Structures are given as C-alpha cells and as structure tokens.
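Let me begin by presenting the structure, written as structure tokens, before commenting on it.
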Amino acid sequence: MNVITDAICPFCGSLCDDLTIKVENNKITDIQRACVLGHNKIAGVTDHARIEAPLVRKDGELVETTYEDAIERAAEILVNSKRALSYGWSSTSCEAVSKAIELAEETGSVIDSCANVCHGPTTLAVHEKGSPAASLGQVKNRADLVIFWGCNPVHAHPRHMSRYSMYAKGFFTKKGRKGRHIAVVDVRETDTAKIADTYVQVDPGCDFMLLQAIRSAINDNEDVIPEIVGGVPKETILELATMMKEARFSCVFYGMGTTQTRSKYKNGDAVSSLLYDLNQYSKSVMIPMRGHYNVTGFGQVCNWETGYPNAVDFTRKFAYYNPGETGASDTLLRGDVDAALVAAADPGSHFAQEAVKCLAKIPLIQIDPYHNPTTELADIVIPAAVVGVEAEGTAYRMDSIPLRMKKFIDTDFKSDEQIVTDILEKVRELKRGA
Amino acid sequence: MSELIIKNAAVCDPLNGINCEKMDIAVKDGKIVESVSSNADTIDAKGKLTMAGAIDGHTHCAGKINVGRLMSPHDMRMNPVNGLSGLQPATSVTRAQAGYNTPNTFALGYRYSKLGYTTLSEAAISMMAAKHTHEEFESIPILDKWGLTLFGNNWQVMNYVRDEEPEKLAAYLAWGLRATRGFGIKVVNPGGGEAWGWGKNVTSIDDEVPDFDVTPREILVELAKANEDLNLPHSIHVHCNNLGKPGNYETTLDTMKIMEGIKAARDRQVLHLAHLQFHAYAGNSWREFESASTQLADYINTKDHLTFDMGQVIFGPAMTMTADGPLEYSNARMLHSKWSNKDVELEDGAGVVPIVYSPKSFVNSVQWAIGLELALLVDDPWKVMFTTDSPNGGSFVNYPEAYSLLMSAKKREQIIETLPELAIDRMVLPGIDRELSFYELAVMTRALQSKMFSVDTIGHLGIGANADIAIYDIIPDKIDAGIEHEKVKQALSATSYTIKSGNLVVQDGEIVSSPRGKTYWVNASGRVPSEINEVTLKDIQNNFRKYYTVAMSNYVVDDHYLPNPIEINTQEA
Amino acid sequence: MKLETKLITGRTAYQGSYLENKTNPKYFEECACCEMNPEDLNKLGVSVGENLNVKTAFGEVVVKARENDGNPEGIIFIPMGPWSNAIVNPDTGGCGTPGFKGIPAEVEKTDKEPLDMISFMRTYYYQ
C-alpha cells in the first residue's frame with residue numbers, strides 16, 4: 001500500500017494541501033481530510049463514468065476512435081478555422097496552460113479561462129484600482145475580523161474556514177473562532193451567514209452602493225449616507241465601518257456575489273477603494289474566493305506569457321486584449337469564432353444560453369475526463385487524465401501561492417499537457433504541409 | 001562540438017585589464033578558449049566594441065512583476081522605445097511580445113539579449129511563492145538567472161536574532177536558500193515588513209519591531225555575519241529602511257556604518273546597497289527635499305566594505321514594485337495611484353504602484369540627478385553597479401539612455417537646462433563634468449557583478465569564461481561619447497551580435513535563435529553542522545505545523561522547477 | 001398565480017459534489033431545482049418537490065420546488081448548471097461576464113416535468 005501525505009486537493013481555489021491518500025493496486029482506497037467536494041472528485045476518478053476512449057461525432061452520434069485520429073482531426077479544425085476559441089484550462093496544470101497558450105498563438109486563436117464567467121470582473125477591478133491582498137496565512141495568524149462578501153464558503157470552499165479564515169488558530173489568533181468576528185454580506189441568508197456573528201442582507205445589485213456607503217463612513221462622511229442603502233439601514237453601515245476601523249487586521253473575502261451581479265467589476269473596484277482608505281486606520285486586505293482550483297494559475301501563466309491575464313486574442317499574431325470583446329462569452333454571443341477547443345471546463349453547463357447556442361453550431365473539440373453537457377455539443381472528444389490525481393503539475397491557490405500537485409495513481413489516459421502538445425505538433429506539421 | 005572565432009574585436013574586458021584592444025576571441029562548446037580549429041564559424045567584428053555579456057545585478061524580472069502586469073494592461077501597448085517595447089507579433093524564432101515596464105517573459109528575454117545582457121539577478125524571491133519565480137525564470141528565454149531570497153522580515157530569522165542563536169540563524173538561511181533555490185540573502189526594510197502586518201512601519205535602524213523584540217540594526221548585522229559564516233558568493237543585499245523619504249540618507253549612512261566591522265569571507269563587499277538613489281535624500285520634508293549624494297559618496301569613497309547600485313530614474317512612466325509593503329502604500333496615497341499589496345505569512349510583503357517620473361516635477365528631477373551623481377561622485381567604478389532597479393526607476397530598455405548620460409556631460413547639461421529651477425538648486429549634478437569611459441561602463445555593467453556575486457565564469461572574456469559576448473556597432477577609438485552621445489545610445493540599444501553560451505542569439509539587433517537559459521542557486525548546507533541542522537529543522541517544522549498554511553513538503557522548490565540548474569556549493573569554494 | 005422575483009444562481013456543495021459526474025441523475029436532481037422562501041411557496045400554492053416554471057426575459061425552464069428559509073421573500077435561487085443558465089442574462093455589459101445574479105424572474109406552478117441533463121441539452125441546443 002502506498003500512502004501519500006500532504007496531498008493537494010484538485011477541486012477549489014483553497015487548494016488544501018494536507019490530504020492523506022491511500023493507494024492499493026493503483027486504486028485509491030482511502031481519502032482523508034478532504035471535504036465533500038474534494039472527496040467526490042478524487043474518489044470519482046474510479047467511481048464515476050469516464051469517457052473511456054476518444055470520440056468523434058458521425059451522423060450525429062459520438063463514436064469511438066483513437067487518440068491519434070482525434071488529435072489529427074482536432075488539429076485540422078484548428079488549422080482550418082479563421083478564429084478559434086480556446087476556453088477553460090482552469091482545472092488543469094500551469095504546464096498545460098502554457099502549452100495551450102502556445103497553441104493559441106500558433107493557430108491565431110482567442111484563449112480565455114473560466115474567469116470569464118467567474119472572477120473576470122475582479123481582474124478588471126485590479127486593472128482599475130489594484131488589489132491590496134495577502135497570503136491566506138496572514139488571515140489565519142492575524143485577522144480579528146473576516147468579512148465574506150457575496151460568497152458562501154460553507155458550500156463553495158468548505159475547508160477554507162477551518163484552514164484559513166473562520167476557525168483557524170495562528171500566532172496572534174490563538175483563540176481561533178472566539179477571537180474573531182465574522183461578518184457576512186449577502187442577498188440571502190446563506191449557510192455561511194447562519195454561522196456568522198453579523199449578517200447584513202443587501203438587496204440584489206446594491207453591493208456597489210453599500211460598499212461606497214461604508215467607504216463614506218470610513219472617511220467620516222456620515223452625513224452623505226441615506227437612511228437606507230440597498231436595503232441596509234444607516235445604523236448597520238456605521239457599525240460595519242466602525243468594526244473595520246477598529247479591527248487590528250481584517251480581510252474581505254469576496255465572491256460571485258460581487259462579480260456576477262449588477263455593477264460587476266465596479267464592485268471589486270469598490271472593495272479595493274474602500275481598503276485603500278481603510279488602511280490609513282487599520283490593516284485590511286482582500287482575497288477573491290476563486291472557484292476552479294487553478295483558475296488563478298491560468299491568470300498567472302497567461303499574464304507572464306502574453307502580458308494579459310485572460311481573454312487574449314492572437315488573431316493578429318500578437319496579443320490583443322479587450323475582455324468585453326475578446327472574452328469567451330462575447331466572442332460566442334457575437335458569433336465571432338468559427339471553432340472551439342474546450343478543456344478542463346464545461347461551458348455547456350456554465351455559459352449563458354445564447355453563448356451555448358453558438359458553441360452548438362461550430363466545430364467543438366472537448367478535452368475532459370468526464371462526459372458532461374459540453375460533450376453533448378462536441379464533435380471531437382479527447383479523454384484526459386485527471387490532473388492532481390492521475391497527473392502532476394503546478395497550481396496556484398486563490399492567494400497566488402503556487403503548489404505542485406501530486407499524482408496518486410497511474411493511468412493510460414493522456415494528460416491535458418500531453419494532449420495539447422500532440423495537437424500543437426500536429427498543427428505545425430499541417431501548417432508546414434500547407 | 002561547436003566552434004566559433006570572433007575576429008578583429010575591440011575588446012573591453014576590465015576583469016582581465018583589457019581596455020578596448022583589438023584581438024580575436026575563440027569559443028568552443030560554450031566557453032572561451034585559447035584557440036579553435038580552422039573549421040570554426042567566423043564572425044568578423046570589424047573593430048567593434050566587444051564586451052562580456054552584461055549582468056543585471058538588480059532587476060525585477062520574475063515574481064511580483066506579474067502583479068505589475070495585472071495592474072497595467074495599458075503597459076502592453078506602450079511603445080516609447082522603438083524595437084524594445086510594445087506589441088510585437090510572433091515570428092518563426094520568437095513568441096509574441098508585449099509591454100514596456102512590465103513586458104511578458106518572452107519580451108524580457110529577447111529585449112535584454114538585444115541590449116547585450118546575458119544574466120539577470122532577480123531582486124526578490126518571496127520564499128513561499130518561490131516556485132512562481134522559478135516558473136517565470138523558465139519562461140524567460142536565452143538568459144541565465146538567479147534570484148535573491150527575502151529574509152529581512154522572516155519570523156524565524158527575527159526569533160534567532162533576538163535569542164542570539166547565530167548558528168541556527170545560519171542553518172535556517174541555508175535551508176531557506178535551498179528551499180527556494182535562491183542565490184543570496186535579500187533584506188528589504190528590515191522589520192518594517194513585519195510591522196506592516198499591522199499596517200505600521202519602522203522609521204530607523206533602532207526602532208523595535210512590534211512583537212519581536214528586535215531592531216533592524218540587529219537583523220542587519222546578524223544576517224551579514226551569517227552570510228559570511230555560510231561563505232555565500234554574494235554579500236547581504238540590502239534595501240534600507242525609509243526608502244523614498246526626505247532625510248533618509250542618515251538611515252542609509254547608519255546602515256553602511258554598522259557593517260564596517262563585518263569580516264568578508266570572500267574577496268568582495270560585505271554589504272550591497274540596492275538602488276541607492278532612493279535612499280539618498282536630504283531635507284526634512286518634501287518641500288525641503290534635496291540630494292544627499294555628496295554625503296553618501298564622501299563616505300563611500302573612504303570605505304571598501306560596500307558596493308551599491310544606482311537605481312537611476314528614467315523620465316516617463318515606470319512601475320514600482322518592492323517587498324517594502326508600507327512604502328508602496330504611502331506611495332499610492334501620495335500619488336493617488338492604484339495600489340496592490342501582497343503580504344506573505346511569517347515572511348515578508350510586497351507592494352506594486354505605478355508611477356510617472358516627470359521632468360516638470362522638482363522631486364522627480366532631483367531623483368533623476370541623484371542616480372547619476374552617485375555613480376559619478378564615487379571615484380571607484382568597482383563600487384558602483386549600473387541599474388534603474390528596473391522597472392522601479394524605469395524599464396531596462398532605457399539603459400542605453402542612462403549609459404549615455406553617464407558618458408556625456410553635454411547630454412546631462414542639455415537635460416538639466418530643461419528642469420525646474422528649484423530642482424537644479426537641490427542637486428549637485430550641474431557641477432560634475434566626469435564622463436565615464438567604455439571601460440568604466442564595462443565595470444559597472446559586467447565586471448563588478450562577476451566580483452560582487454563571486455561568479456568567475458561570467459562578466460569577463462578570459463579563457464574558461466562562459467562565451468557570453470556582446471558586440472556593439474561602435475568603433476571605440478573613433479567615437480567621442482561625450483559629443484556623439486546619441487550615436488552611443490543607439491549602438492548600445494541593439495547589439496550587432498549577442499552570443500549566449502556560444503550560441504548566436506542576436507544579429508544586427510534581431511533575435512536569431514532562442515535557447516533556454518540556466519538557473520543558478522546556492523547550496524550552503526555543507527556549512528551547517530548536522531546537529532545544528534537537526535534542531536533548526538525542528539523549529540522550521542514547528543512553524544509549519546502551527547502557523548503556515550502549506551505543508552513543509554509542498555513549500556520546498558523541487559528539481560522539477562530547475563530543469564537547467566547551476567548549483568554553487570559554498571563548501572567547495 | 002405568478003410571482004415576480006429576482007433570480008440568484010450559484011454554487012451549492014451538492015451541485016459541486018457532482019461537478020465531475022454530470023451524467024449522474026443526482027446532478028440533475030441537485031441542479032434542476034429552485035430554492036424559495038416558504039412564504040413564496042405558499043403564495044404559489046406549491047409544495048416542495050412540485051414543479052415550477054421559471055421565466056425571464058432570456059428564456060424559461062422547469063425545475064423542482066425546494067424550500068430555503070434563508071432566502072428572503074421575492075428572491076429565488078437555482079444552483080449553477082444548464083437549467084439555471086437557460087434563463088440568466090447573457091449580456092456581459094462589455095466586461096466579459098454575463099449576469100448570473102439578480103435577474104427579474106416570473107415563477108409559476110406547472111405540470112411539466114424538468115428535463116434530465118441529456119434531454120435538456122438536446123431540447124435546448126440541438127437544432
């Protein structure tokens with residue numbers, strides 16, 4: 001039996017690295033310390049129905065083929081397209097991302113990550129205003145005030161609270177949960193709100209107003225704050241501001257409740273602007289609650305390799321970036337791409353209907369371990385190893401700390417990195433031939 | 001077996017005492033050799049200026065530069081230096097390029113190569129994010145790299161300093177260098193980074209660091225001693241307290257003075273002061289702001305224990321990035337600029353803030369002058385490393401602009417004329433007529449680095465050195481750099497040939513091949529007695545168990561991240 | 001009876017548990033559902049497990065009713081997935097990301113059954 005300690009969980013952006021995995025005869029027999037999300041993902045590698053072989057759509061049905069054939073067909077689609085979309089790359093390794101970027105450059109494609117339907121607006125907010133952040137251990141060791149704004153870690157990042165934020169005990173926080181005030185701002189009383197000390201219910205779409213009101217209070221401009229802002233009484237706003245000013249170290253964790261709602265990137269900007277002022281009085285940082293375990297890594301690699309964090313268009317052989325134009329959703333909505341390569345993501349599930357309709361119309365290549373709604377639309381399906389379980393590689397935690405994911409078991413499936421490398425080689429071969 | 005002979009080179013090689021002498025250079029298998037066979041490829045240098053590949057001893061090229069990129073998508077299109085900035089399409093040899101102050105990794109590699117650079121020293125590796133630095137290193141083509149690891153606000157360092165445990169301190173440093181695959185010890189605003197954990201700072205080398213019962217002075221001295229005990233190739237590399245504040249030169253002088261008694265383990269300085277320009281300010285307020293370069297140069301001219309780099313300012317947009325978290329917050333507030341911050345648990349911090357140095361600003365103008373003053377007032381070029389603290393003072397693509405300023409009093413005069421009168425009153429540059437020679441420039445950009453980092457295979461063209469060679473389109477004895485400064489600038493902006501490890505990478509200012517570089521790291525564990533190592537490891541493990549949010553085994557940078565390593569073992573030295 | 005509400009979509013641990021297992025009927029069960037305040041369910045005369053038709057300016061979808069007293073009245077929640085995304089706002093407002101939250105939605109009882117994953121994809125996206 002092989003026991004793997006300090007194993008890294010390939011599910012969410014918390015990237016917990018304290019799992020113990022037991023393996024017997026190349027089968028995972030025990031998973032310790034993972035949450036339900038991580039456990040199901042790791043166990044699912046053998047429990048869930050995998051895409052067993054490469055598939056190609058013939059007469060409307062997906063039929064089995066070889067890796068070689070699937071890769072050649074994929075390369076042909078990319079070479080023949082005027083402008084393909086390469087999308088996803090968030091539940092995979094940085095090494096695969098790097099190759100995917102090279103492929104996008106070689107084929108003159110648009111490449112984008114899941115941030116497009118997630119924390120993309122957060123990226124725009126950083127462009128606008130920067131981001132005063134910290135590693136998660138600063139929160140663990142110092143924070144006496146934690147605010148979860150538009151995020152619900154009980155469901156989305158279950159171990160975040162015990163490892164980093166709510167319950168964690170550290171050097172200056174020996175009392176853990178008891179010494180820490182937890183506030184939740186949300187439109188619903190989520191399961192996270194239910195275990196907080198303070199729950200502030202804001203009306204949908206009013207986060208920006210509420211953030212600005214708190215900022216006004218921080219700056220001693222109480223007089224400009226109306227009696228109710230976005231459903232929140234002025235009294236509560238002043239209490240929040242006082243709480244933030246009097247904390248020794250506070251952190252705002254913010255999620256989809258800020259990025260996917262009205263004001264989108266302006267909400268992240270407002271958090272950053274609030275902290276820009278608050279830090280005159282008390283230390284405060286912000287950390288986005290990233291979803292896919294390596295969506296942060298995609299942003300990092302794409303940023304250093306192309307200059308931009310996502311939504312990069314290589315149609316003109318140099319990097320062009322304008323997320324409202326070159327983002328995956330917008331290119332699809334406008335019908336501006338004539339083929340798509342989707343890997344380590346499921347736009348069939350997670351894109352808005354109008355974007356999915358475009359995906360259904362164009363040649364679609366999918367690289368994924370599992371059958372999912374995107375498979376229903378795909379013309380070529382290339383099964384992949386599960387990174388972080390069957391393949392190793394680098395991933396970045398939500399606070400941009402890199403970790404090397406381990407391989408627990410062997411597989412015959414190719415890794416994402418290998419598949420992209422093969423497609424790239426085939427593309428170059430075809431281009432040379434042409 | 002590749003052979004190359006460079007004929008008719010006007011070689012300027014200070015480490016070997018060669019001052020623009022016409023000679024041939026033979027290259028075999030990436031090294032400089034006595035002679036090669038008649039089958040060797042030939043480059044006719046036609047009497048052009050030939051130097052060893054340049055070494056940027058203090059640049060921000062990997063790691064938090066990515067925060068800068070994220071904050072400045074507009075930077076990618078910025079193209080103020082033709083051929084060395086902005087968006088450039090992919091070619092059959094090169095990947096797509098972008099950026100000016102924060103170029104993408106490929107542009108960094110290509111553009112440094114075009115300037116004749118072949119080695120980079122990244123100024124700060126954040127320990128916990130060290131894998132990130134190495135990932136970016138791997139992505140930067142052509143050049144060799146190393147990075148200096150941040151230790152100046154590290155809890156375990158401060159605990160050992162307070163508890164007077166020098167042996168454990170050295171053991172921890174050796175462990176940390178190995179864990180991060182770092183080259184040397186970087187100290188940034190010692191103690192100030194920890195105070196910033198609570199939104200505070202320290203203001204002198206004798207302030208107490210909150211909760212740790214140590215002072216910056218103690219941290220600096222003990223780290224310097226441990227550095228020498230470990231026989232590290234480089235000295236401690238210090239970013240002093242109080243960067244960027246009027247009157248800070250006194251703190252800088254204090255920092256230099258406390259190092260006078262440290263004994264060097266090698267033939268080099270015991271203290272390197274980073275970007276001295278930012279630490280050379282007199283006056284008690286911004287209103288009174290003035291140059292303190294004379295005060296610092298007077299001291300440095302009488303001492304031999306230190307080196308410094310300029311931190312020259314280039315007029316125009318720049319991107320400040322430093323582990324000095326509190327400084328960046330005050331920068332952002334002062335400039336009303338956007339602000340990113342990144343504290344790292346138990347270790348250090350970082351901040352990134354964009355800036356524009358304007359020749360219309362009296363403060364910026366004085367800053368511009370101070371960098372030049374320091375380089376020109378310090379008599380011995382072997383104490384002065386050329387930098388802009390890229391991209392803090394300005395992007396590296398402007399180095400030729402700064403070279404020509406150092407080489408031409410006339411050029412300086414032309415610029416000074418355009419600056420605010422108040423600025424001219426507060427600087428000493430107008431009275432300086434010294435003009436650097438190519439020889440002195442070669443010292444400041446190559447030879448000194450070889451010595452100060454104790455890497456004897458680079459920075460010169462002697463037998464056995466790496467064949468890292470830059471050939472510029474200048475006939476040294478047919479040009480008066482003082483007058484023809486524009487011509488000098490142009491020639492130094494794009495080499496006729498850059499050769500990296502014997503491979504031709506640049507020809508006539510264009511990239512012709514793009515091999516991968518190597519990464520240096522320093523293994524000092526041989527200097528640590530095993531019993532000391534054991535007890536120190538227990539302390540390290542304890543910190544991981546209780547305070548870090550990653551496991552120790554996942555923290556350490558493994559071999560995967562250094563596919564082409566050069567390990568320097570300090571035991572063997 | 002139709003109820004005017006605002007739709008929020010997002011992650012649940014149950015939906016997330018089947019993220020890499022979407023052909024499993026449990027994924028369908030955990031996604032093709034709508035959490036509402038008990039008062040709102042009363043207003044509609046709908047019991048937990050009965051079917052709701054949720055309609056927005058961008059489409060309509062049939063999902064099962066669930067109760068969640070954490071939802072204020074007038075706010076409904078459908079876990080992220082193909083069903084919710086059939087009716088979210090695709091417009092990115094020029095910043096790349098569609099509107100997944102705070103979409104005006106009309107809810108009423110229906111006799112139609114939700115479509116399982118494969119039927120759903122075929123009905124909505126095969127031409």
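Just so we're on the same page: letters track the sequence lines, and every chain starts at 1. None of these values were measured; they are calculated from a predicted model. Side chains are part of it too, since the values below use all heavy atoms of this structure and drop only hydrogens, waters and symmetry mates.
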Structural part of [X] lying under 4.5 Å from a heavy atom of chain A:
{"X": "B/Tyr547", "answer": "both"}
{"X": "B/Ile65", "answer": "neither"}
{"X": "B/Tyr555", "answer": "neither"}
{"X": "B/Glu135", "answer": "both"}
{"X": "B/Ser337", "answer": "backbone"}
{"X": "B/Trp196", "answer": "both"}
{"X": "B/His560", "answer": "side chain"}
{"X": "B/Lys546", "answer": "backbone"}
{"X": "B/Ser139", "answer": "side chain"}
{"X": "B/Asp558", "answer": "side chain"}
{"X": "B/Asp211", "answer": "side chain"}

Quick one: what part of [X] sits under 4.5 Å from any heavy atom of chain B, side chain, backbone, both or neither?
{"X": "A/Ile101", "result": "both"}
{"X": "A/Cys16", "result": "neither"}
{"X": "A/Gln138", "result": "both"}
{"X": "A/Tyr164", "result": "side chain"}
{"X": "A/Leu275", "result": "backbone"}
{"X": "A/Thr394", "result": "both"}
{"X": "A/Glu95", "result": "side chain"}
{"X": "A/Ser400", "result": "both"}
{"X": "A/Phe314", "result": "side chain"}
{"X": "A/Arg316", "result": "backbone"}
{"X": "A/Asn279", "result": "both"}

Practice problem: Examine A/Arg142 relative to A/Phe171 and say whether NZ or CZ is less than 6.0 Å from the centre of the six-membered ring and inside a 45° cone about the ring axis. | Solution: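 No cation-pi geometry.
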Taking [options] one by one, which has the highest count of heavy-atom pairs under 4.5 Å against chain A?
{"options": "B/Asn66, B/Val344, B/Thr105", "value": "B/Asn66"}
{"options": "B/Gly199, B/Pro89, B/Ala62", "value": "B/Pro89"}
{"options": "B/Met552, B/Met71, B/His74", "value": "B/Met71"}
{"options": "B/Ala129, B/Gly197, B/Ala96, B/Gly349", "value": "B/Gly197"}
{"options": "B/Thr549, B/Val353, B/Thr91, B/Ile140", "value": "B/Thr549"}
{"options": "B/Pro354, B/Ala90, B/Ser72", "value": "B/Ala90"}

Which residue out of [options] racks up the most heavy-atom pairs below 4.5 Å with chain B?
{"options": "A/Glu128, A/Glu102, A/Lys169", "value": "A/Glu102"}
{"options": "A/Tyr281, A/Phe318, A/Trp304", "value": "A/Trp304"}
{"options": "A/Gly297, A/Ala133, A/Ser273, A/Gly130", "value": "A/Ala133"}
{"options": "A/Phe172, A/Phe249, A/Tyr320", "value": "A/Phe172"}
{"options": "A/Gly170, A/Gly307, A/Cys94, A/Ser131", "value": "A/Ser131"}

Salt bridge flag under 4.0 Å for residues [X] and [Y]:
{"X": "A/Arg215", "Y": "A/Asp277", "value": "yes"}
{"X": "A/Arg432", "Y": "A/Glu429", "value": "no"}
{"X": "B/Glu122", "Y": "B/Lys145", "value": "no"}
{"X": "B/Arg181", "Y": "B/Asp559", "value": "yes"}

Quiz item: What do the steps show when you test A/His160 against A/Phe253 for ring pair (Phe, Tyr, Trp, His ring centres under 6.0 Å), and what is the final call?
Solution: CA-CA 11 Å; A/His160 187 280; A/Phe253 289 103; 4.6 Å; yes
Short side-chain donor-acceptor distance under 3.5 Å, [Y] and [X]:
{"X": "B/Glu328", "Y": "B/Asn331", "value": "yes"}
{"X": "B/Glu347", "Y": "B/Ser126", "value": "no"}
{"X": "A/Asp313", "Y": "A/Asn322", "value": "no"}
{"X": "B/Ser85", "Y": "B/Asn79", "value": "yes"}
{"X": "B/Thr180", "Y": "B/Thr149", "value": "yes"}
{"X": "A/Thr306", "Y": "A/Tyr321", "value": "no"}

Quiz item: Picking from A/Arg159, A/Arg163, A/Arg404, A/Lys406, what satisfies salt bridge (Lys or Arg N to Asp or Glu O under 4.0 Å) with A/Asp17?
Solution: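 Of all the options given, the one that passes is A/Arg163.
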Quiz item: Taking only residues two or more places apart in sequence or in another chain, which ones pass side chain to side chain donor-acceptor pair (under 3.5 Å) with B/Glu208?
Solution: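 Not a single residue meets the side chain to side chain donor-acceptor pair (under 3.5 Å) criterion with B/Glu208.
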Self-check item: By side chain to side chain donor-acceptor pair (under 3.5 Å) - contacts of A/Glu305 (at least two apart)
Solution: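 For A/Glu305 the side chain to side chain donor-acceptor pair (under 3.5 Å) partners, ignoring immediate neighbours, are A/Ser98.
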Quiz item: Are A/Pro402 and A/Tyr396 side-chain neighbours, meaning at least one heavy-atom pair lies under 4.5 Å?
Solution: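 They are in side-chain contact.
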Exercise. Please round to the nearest 0.5 Å and tell me the distance separating atom CG of B/Asn104 and atom CD of B/Glu136.
Key: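 The distance works out to 10.0 Å.
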Quiz prompt | A/Ser250 side, atom OG; A/Leu278 side, atom CG - distance, nearest 0.5 Å | solution =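 If I round to the nearest 0.5 Å, the distance is 5.0 Å.
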Exercise. Give a yes or no answer on whether the side chain of B/Glu345 reaches the backbone of A/Asn141 with a donor-acceptor pair at less than 3.5 Å.
Key: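 Side chain of B/Glu345 to backbone of A/Asn141: no pair is present.
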